[in-house]
Amino acid sequence: MSRTEARSEGAGPFTTRLTWRLMDGRIAVWESRRARKRGLLTVRAPGEAEASARRADIVSIARLRRLNAVAATAFTVGGLLFALGAGFAQFGSRGVTGVWIYFAGGLFFNTGGYASLLQAVNAPRRDSESDTLAGRRWRWWSFEPGRIDWLSTLLLFAGTLVFGVNLVDSLMKGLSVQQVDRLIWAPDLVGCVLFLVSGHLAIVEVCHGRPRVLADDLGWWIVAVNQFGSVLFFVSALAAYTRPATGSLVNVDIANWGTLAGALCFAAGGVIQYFERP
């Protein structure tokens, strides 16, 4: 293929991997997650068996490292706090203490979600005529629905905000069963759905289309563990529905254990994320 031709991979309208030939005959490969998380693209010269990595500029790399550290720390701490809150609910106090632990964990999830979005917003962009990733000026926000990484991280951040609504409403007293389901349970379920959609897009991004197992890919393990946690959160939310007729949860044990196990998945994903850095 010539310099102007490229082979793209992905799903639907999203491109997650692009391969093109440079003027000197070398083959350059850009991958969405690799560029966003590690600031790298690969280049292979004719006749070479292995490709070499090309790193983004120093400023971009420093940004990615800081944002990765913030996101990893936030999800690790937030996951541990959610697990602790679920432990209080299952084995200890069912009162205000557990709710405040959840609330603190929710703030860390908010931080991790926004840091992940900022990493997508400020990811270095490829130069289609060279073997470099070009940095851009710092931005606190962007609107790029055509990018799968931006959409995935936006939905993740939105999910953490909706969980925040759920947690704030949980501090209210004297609510009727109907109000509990509308103000607490409904936002919880919506947040879980947003997490699931975000996780699916993240899997599509790392797999470049059809979801599959990539056991040797660290990024795949991160999104797979987090998606499993999202599934557990969703199961927990379904079990936490309060029956209007009885005023009791569908299954309090599943609600608590699902939250605890799902939170530990996000904490584990946060720990692994420390190693996916530039």
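Only this structure's heavy atoms are used, side chains among them; waters, hydrogens and symmetry mates stay out. What you are looking at is a predicted structure, and each value in this text was computed from that prediction instead of being measured.
When the shell of 6.0 Å around OH of Tyr274 is examined, it contains more than 12 heavy atoms from other residues, nucleotides or ligands. For Phe108, the CZ atom is loosely surrounded, since the number of other residues' heavy atoms within 6.0 Å does not exceed 12.
Criterion: ILVMFWY side-chain heavy atoms under 4.5 Å apart, direct or through other members. Under it, Leu161 and Leu81 are not part of a common hydrophobic cluster. The cluster map of Ile, Leu, Val, Met, Phe, Trp and Tyr, joined by side-chain heavy atoms under 4.5 Å apart, puts Val165 and Leu107 in different clusters. In the hydrophobic cluster analysis, where Ile, Leu, Val, Met, Phe, Trp and Tyr join through side-chain heavy atoms closer than 4.5 angstrom, Trp138 is grouped apart from Ile58. Hydrophobic cluster membership is shared by Val231 and Leu201, with clusters built from Ile, Leu, Val, Met, Phe, Trp and Tyr side chains linked at under 4.5 angstrom. Under the 4.5 Å side-chain heavy-atom criterion for grouping Ile, Leu, Val, Met, Phe, Trp and Tyr, Val121 is not connected to Leu64 through any hydrophobic cluster.
Judged as a salt bridge (Lys or Arg N to Asp or Glu O under 4.0 Å), not a single pair has a partner in residues 227-242 (not counting sequence neighbours). A salt bridge (Lys or Arg N to Asp or Glu O under 4.0 Å) check over residues 174-199, counting only residues at least two apart or in different chains, returns nothing. Each salt bridge (Lys or Arg N to Asp or Glu O under 4.0 Å) pair with one or both residues in residues 218-234, not counting sequence neighbours, would appear here, but there are none. Pairs engaging residues 192-216 under the ring pair (Phe, Tyr, Trp, His ring centres under 6.0 Å) rule: Phe163-Phe195, Phe195-Phe266 [sequence neighbours left out]. The ring pair (Phe, Tyr, Trp, His ring centres under 6.0 Å) contacts involving residues 26-59 comprise nothing, where partners must be two or more places apart or lie in separate chains. For the ring pair (Phe, Tyr, Trp, His ring centres under 6.0 Å) condition, the pairs that include at least one residue of residues 54-76, sequence neighbours left out, are Phe75-Phe109. Under the salt bridge (Lys or Arg N to Asp or Glu O under 4.0 Å) criterion, the residue pairs touching residues 262-278 are Arg33-Glu276, with sequence neighbours excluded.
In terms of the salt bridge (Lys or Arg N to Asp or Glu O under 4.0 Å) criterion, residue partners of Arg139 (sequence neighbours excluded) are, by chain and number, Glu144. In terms of the side-chain hydrogen bond (donor to acceptor under 3.5 Å, both in side chains) criterion, residue partners of Asp57 (sequence neighbours excluded) are, by chain and number, Ser60. In this structure, Arg38 has no salt bridge (Lys or Arg N to Asp or Glu O under 4.0 Å) partners at least two apart in sequence or on a different chain.
Distance CD1/Ile272 to CG/Leu218: 7.0 Å, rounded to 0.5 Å. Taking CG from Asp149 and OG from Ser32, the interatomic distance works out to 4.0 Å, rounded to the nearest 0.5 Å. Going from atom OG of Ser116 over to atom CG of Leu155 covers 12.5 Å, rounded to the nearest 0.5 Å. Within the model, atoms CG of Asn122 and CZ of Arg137 stand 9.5 Å from one another, a figure rounded to the nearest 0.5 Å. For the atom pair Ile61 CD1 and Leu40 CG, the distance stands at 6.0 Å (nearest 0.5 Å). Between the CG atom in Asn68 and the CZ atom in Arg63 there is a gap of 15.5 Å [rounded to 0.5 Å].
When all heavy atoms of Gly209 and Ala11 are compared, the closest pair comes out as CA-CB, 4.1 Å. Between Leu18 and Ser8, the shortest heavy-atom distance links the atoms CD1-CB, 3.5 Å. The nearest pair of heavy atoms linking Pro278 to Arg55 is C-NH1, 3.5 Å. Minimum interatomic distance between Val177 and Pro244 (heavy atoms only, all atoms of both residues): CG1-CA, 3.6 Å. Residues Leu175 and Leu183 approach most closely at CD2-CD1, 4.3 Å, considering heavy atoms. The minimum heavy-atom distance linking Thr242 with Val180 is given by the pair OG1-CG1, 3.9 Å.
A heavy-atom distance below 4.5 Å is found between the side chains of Trp140 and Tyr114. Counting heavy atoms from C-beta outward, Val29 and Arg34 have side chains that stay 4.5 Å or more apart. In this structure, the side chains of Phe228 and Leu232 come closer than 4.5 Å at one or more pairs of heavy atoms. Within the 4.5 Å cutoff, side-chain heavy atoms of Gln227 are placed close to those of Leu196. Here the side chains of Thr111 and Val77 are not in contact, with every heavy-atom distance at 4.5 Å or above. Taking 4.5 Å as the limit, some side-chain heavy atom of Leu260 sits within range of a side-chain heavy atom of Leu264. By the 4.5 Å heavy-atom criterion applied to side chains, Trp150 and Ser142 are counted as neighbours. For the pair Trp141 and Leu117, the minimum side-chain heavy-atom distance is below 4.5 Å.
Distance alone, capped at 3.5 Å, is enough to place a donor-acceptor pair between the Ser198 side chain and the Ser152 backbone. For Thr160 (side chain) and Phe157 (main-chain N/O), a donor-acceptor pair under 3.5 Å exists by modelled atom type. Without hydrogens or angle criteria, Arg243 side chain to Leu249 main chain gives a donor-acceptor distance under 3.5 Å.
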Donor-acceptor contacts, no H, no angles, side chain residues 219-226, under 3.5 Å, sequence neighbours left out:
| unit_1 | atom_1 | unit_2 | atom_2 | d |
| --- | --- | --- | --- | --- |
| Trp220 | NE1 | Arg212 | O | 2.7 |
| Trp221 | NE1 | Ala215 | O | 2.7 |
| Asn226 | ND2 | Ile222 | O | 3.4 |

Which pairs would a plain distance check flag for residues 234-241, meaning a side-chain donor or acceptor within less than 3.5 Å of a matching protein atom at least two apart in sequence or in another chain?
| unit_1 | atom_1 | unit_2 | atom_2 | d |
| --- | --- | --- | --- | --- |
| Ser236 | OG | Ala255 | O | 2.5 |
| Ser236 | OG | Thr259 | OG1 | 2.7 |

